[in-house]
There are 4 protein chains.
Amino acid sequence: MSRRRNPAHREALLSAAVEMIAVQGLTVSTATIAKQAGVSAGTLFNTFESKSLLVNQLYVSLKAEMGRATSGGLPAEAGPRDQLRHVWDRWVGWATGTPEKRRVLAQLDVAEDITAESRDAAHQALSGMGELLERCRAGGPMQNVPLRFVLRILSSIADATIDDLIDRPGPGSATDDPRSSAAFDAIWRALAR
Amino acid sequence: MSRRRNPAHREALLSAAVEMIAVQGLTVSTATIAKQAGVSAGTLFNTFESKSLLVNQLYVSLKAEMGRATSGGLPAEAGPRDQLRHVWDRWVGWATGTPEKRRVLAQLDVAEDITAESRDAAHQALSGMGELLERCRAGGPMQNVPLRFVLRILSSIADATIDDLIDRPGPGSATDDPRSSAAFDAIWRALAR
Amino acid sequence: MSRRRNPAHREALLSAAVEMIAVQGLTVSTATIAKQAGVSAGTLFNTFESKSLLVNQLYVSLKAEMGRATSGGLPAEAGPRDQLRHVWDRWVGWATGTPEKRRVLAQLDVAEDITAESRDAAHQALSGMGELLERCRAGGPMQNVPLRFVLRILSSIADATIDDLIDRPGPGSATDDPRSSAAFDAIWRALAR
Amino acid sequence: MSRRRNPAHREALLSAAVEMIAVQGLTVSTATIAKQAGVSAGTLFNTFESKSLLVNQLYVSLKAEMGRATSGGLPAEAGPRDQLRHVWDRWVGWATGTPEKRRVLAQLDVAEDITAESRDAAHQALSGMGELLERCRAGGPMQNVPLRFVLRILSSIADATIDDLIDRPGPGSATDDPRSSAAFDAIWRALAR
DNA sequence: GATGAATGAGCGTTCATTCAT
DNA sequence: AATGAATGAACGCTCATTCAT
């Protein structure tokens, strides 16, 4: 008999994990996650095999969601700056819109038991940005360091900006906040000729 | 006269905590830390009262060490750029020189049970940079966002740079690595007029 | 369908607690109780939530058992003296028949972490005797002190008698032991007109 | 070199033990007792060798104190009833006057690690009452049970009376409380012809 | 002798995981 | 497949006792 896992369980458990990890950290018990998801302790392990695997898949899944949220609707006609700004706005918008997920990702980024494979898979999520970034830095001061490094710097600035916007929300939308614009300008000045 | 408290224990425990947290994460057992420090389980609790307090004091102490490593020997005569570069080089040099401590700080930065008081104390560590940063951004594009935000961006770039240098060590010293210079240039372009 | 909670565990744990507390006192470890009950350490806490709760429920349960053992089969037609003697015989018979339970009750009676609620619940166990006692003392020398006080005196005499019968068992049945009769006579003379 | 134990330590530790056991039960730590006594943890063990020994000596010492408090000033000319009443009043007076000591004795009476030797020594404390009790019961209904048993019954009534007077203090002095008189009358009726 | 830091066995409790139902 | 009771290793922490000072 094949174990047909109920896909609704998978989603419910991942959502529950986000909610509970956001509040209690990675030390939440599997029992707490299962209860929040409305399934039994056993079902969690039928669905994910181990807590570690659940956490790894959550990591990949959140990064993928972030990639998806960030990449759509790119204005094809626009120049690189406007395109990057578009990505930036979507990035900031998504993350400040789901602070729990951002919070969880911040924990997973430094978590011990996220495997190298998961980290690789997660990096794919932003790989769509690679080509754009390449165009942005062409001829600029960061043209001679690895693209991976540029992406890392960019991500760190994005995360810092997002965390500041979450910790100290401004009066308007996060995307229009002066901090978001200032950070984007900084990036652009750092990258472009 | 009573047996005197061995002052080396405190340092030994903090060092052991760095070593073991770097490898196993914050979930290392107090028994493991004590054993690594060469003292008994009881002595850990004589010295720190709780694991949480040990971790908090470790956080404050590492941040303070980082602050000290970063702040000394500033060339008084030099302009802001050279001064900031001086700080940058020391920062990168210290963190790449003690990758375990950097790794532990990355975990503590997002840890659940670091108290607000500890975070405040930790922020003092970089406060010496505040005035310098103020001079660097004067008249520049980041003059209108909170200094705290600028510091946050700066720190995130430093951490990203350091982590990349640690993950993929270059052939020479970290300070002379092109990534370090590129990141510093990026910061300077982001900050200054 | 889930695995069903084994209802025998609760009884096994309470029995094991009686056996081990009788021998080692209230400081027995939960591990010892669980092992004696033939269940795992975890099951003890699935069943009772804390050691303190186990101990409280044991107290209430032993008092209730004592109440039940004491109260049945009262000869309705008989006079107060014969009725009280009936209760007395059952009381002495039950307690000397399960010296471990008597021993445990003696410890729980003075235990620090028996709650007021548990003590209240326990008092209900002897409340059935209240009315009978009221009839016994009517017009007698103890008619003007609180009934609670009379019950306390009566209980203390019973316990002292039982403890002596347990410590120094006589040749025959405890109920027929001259000490039991002497103590009952003492009570009757103390109470009745 | 002989270990001259400072006798002041002994008294201070026994007093501290009474105070702390009365509040926290027999599980008080030796450190707590030592601190309350104003001596170091080490001195407690220089003075008593083990916690168990401290507790045993405390038991014997409290019983002895009770015996002394109870026995003095017996009116030589008086009849047995008045003499017993004299003892009774002193007993109730002493115990209600030092409720902490009574509380501690109640715990020690059922404690696991009070040795048989300590219990024997403790019984000596009331042995002075033996002869008086013998005279009181002569020709009475309790003349044919062991004196030890009579003493046990008497003690249990005294303790029950004292505990009730402590738990629910009356308006006047404990000795004049109707419960004290009622209990004494009960004893007298139980004992005497 | 007095001190109190050091010790380590032992505690109550948790929780990832298993498995009978 | 789904359940949740059962498991037992592991945890943070305590405390009677020892021993260097």
Side-chain angles (χ1 to χ4, degrees), chain A residues 1-6 9 27-35 38-55, chain B residues 1-7 9-10 27-35 38-55, chain C residues 1-7 9-10 27-35 38-55, chain D residues 1-6 9 27-35 38-55:
Chain A
M1 245 156 302
S2 80
R3 291 221 171 174
R4 308 281 325 281
R5 295 184 198 125
N6 184 335
H9 289 167
T27 56
V28 238
S29 70
T30 53
T32 301
I33 294 171
K35 176 173 289 181
V39 303
S40 71
T43 292
L44 186 151
F45 285 90
N46 282 347
T47 312
F48 285 104
E49 191 159 334
S50 76
K51 185 187 187 184
S52 183
L53 220 68
L54 160 57
V55 157
Chain B
M1 243 92 13
S2 93
R3 197 164 180 171
R4 309 261 184 60
R5 178 165 249 143
N6 187 337
H9 286 170
R10 201 191 135 80
T27 56
V28 237
S29 71
T30 53
T32 300
I33 294 171
K35 177 172 292 182
V39 303
S40 71
T43 291
L44 186 151
F45 289 93
N46 282 350
T47 312
F48 287 104
E49 192 158 328
S50 74
K51 185 186 184 184
S52 183
L53 222 67
L54 160 56
V55 158
Chain C
M1 242 92 10
S2 91
R3 197 166 181 170
R4 311 262 181 61
R5 179 166 247 143
N6 187 336
H9 286 169
R10 201 191 135 81
T27 56
V28 238
S29 71
T30 54
T32 300
I33 294 171
K35 177 172 291 182
V39 303
S40 71
T43 290
L44 186 151
F45 287 92
N46 282 349
T47 311
F48 287 103
E49 193 160 328
S50 74
K51 185 186 185 183
S52 182
L53 222 66
L54 159 57
V55 158
Chain D
M1 243 155 305
S2 80
R3 290 221 171 174
R4 308 284 322 282
R5 296 185 199 123
N6 185 335
H9 289 169
T27 56
V28 239
S29 70
T30 53
T32 300
I33 294 171
K35 175 174 291 182
V39 304
S40 70
T43 292
L44 186 151
F45 285 89
N46 282 347
T47 312
F48 284 104
E49 190 160 334
S50 75
K51 186 187 184 183
S52 183
L53 220 68
L54 160 57
V55 157

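Just so we're on the same page: letters track the sequence lines, and every chain starts at 1. All figures in this text were calculated on a predicted structure; none of them were measured in a lab.
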Whether Lys51(C) side chain and Ser29(C) backbone form a donor-acceptor pair below 3.5 Å: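 A pair under 3.5 Å: no.
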What distance separates [X] [atom1] from [Y] [atom2], expressed to the nearest 0.5 Å?
{"X": "Ser40(D)", "Y": "His9(D)", "atom1": "OG", "atom2": "NE2", "value": "8.0 Å"}
{"X": "Thr43(B)", "Y": "Arg5(B)", "atom1": "OG1", "atom2": "CZ", "value": "8.5 Å"}
{"X": "Thr30(C)", "Y": "Leu54(C)", "atom1": "OG1", "atom2": "CG", "value": "9.0 Å"}

Whole angstrom value for the distance that separates [atom2] of [N] from [atom1] of [X]:
{"X": "Leu53(B)", "N": "dG12(F)", "atom1": "CG", "atom2": "C1'", "value": "14 Å"}
{"X": "Phe45(C)", "N": "dC15(E)", "atom1": "CZ", "atom2": "C1'", "value": "13 Å"}
{"X": "Ile33(D)", "N": "dT17(F)", "atom1": "CD1", "atom2": "C1'", "value": "14 Å"}
{"X": "Leu44(A)", "N": "dG4(F)", "atom1": "CG", "atom2": "C1'", "value": "13 Å"}
{"X": "Arg5(B)", "N": "dA20(F)", "atom1": "CZ", "atom2": "C1'", "value": "15 Å"}
{"X": "Leu54(C)", "N": "dT13(E)", "atom1": "CG", "atom2": "P", "value": "10 Å"}
{"X": "Asn6(B)", "N": "dG4(E)", "atom1": "CG", "atom2": "C1'", "value": "14 Å"}
{"X": "Lys35(B)", "N": "dG12(F)", "atom1": "NZ", "atom2": "P", "value": "14 Å"}

Strand partner of dC11(F), provided both Watson-Crick or wobble distances fall under 3.5 Å: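 The answer is dG12(E), by the H-bond criterion.
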Opposite nucleotide pairing with dT3(F), Watson-Crick or G-U, both atom distances under 3.5 Å: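 Its partner is dA20(E).
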Toward the 5' end of DNA chain F, by each residue's nearest nucleotide, Thr43(A) or Thr30(B):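 The residue mapped nearer the 5' terminus is Thr43(A).
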5'-most by nearest nucleotide on DNA chain F - Glu49(B) or Ser52(D):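 By nearest-heavy-atom nucleotide position, the 5'-most residue is Glu49(B).
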Sugar-phosphate, base or nothing in reach of Thr27(C), heavy atoms under 4.0 Å: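 No contact.
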Sugar-phosphate only, base, or nothing, as touched by Thr47(B) at under 4.0 Å among non-hydrogen atoms: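 The residue Thr47(B) makes no contact with any strand.
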Val39(B) side chain reached by Thr47(B) side chain, heavy atoms, under 4.5 Å: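 Result no, sub-4.5 Å side-chain heavy-atom pair not found.
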5'-most by nearest nucleotide on DNA chain E - Ser40(D) or Lys51(A):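 Nearest nucleotide further toward 5': that of Ser40(D).
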Pairwise 5' ranking along DNA chain E for Val39(B) and Ala41(D), keeping only the more 5' one: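 It is Ala41(D), whose closest nucleotide lies nearer the 5' terminus.
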Polar side-chain contact Asn46(B)-dA6(E) base: donor and acceptor under 3.5 Å: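 Checked by distance alone, the answer is yes.
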Short side-chain N/O contact to dA5(F) OP1/OP2 from His9(C), under 4.0 Å: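 No, outside the criterion.
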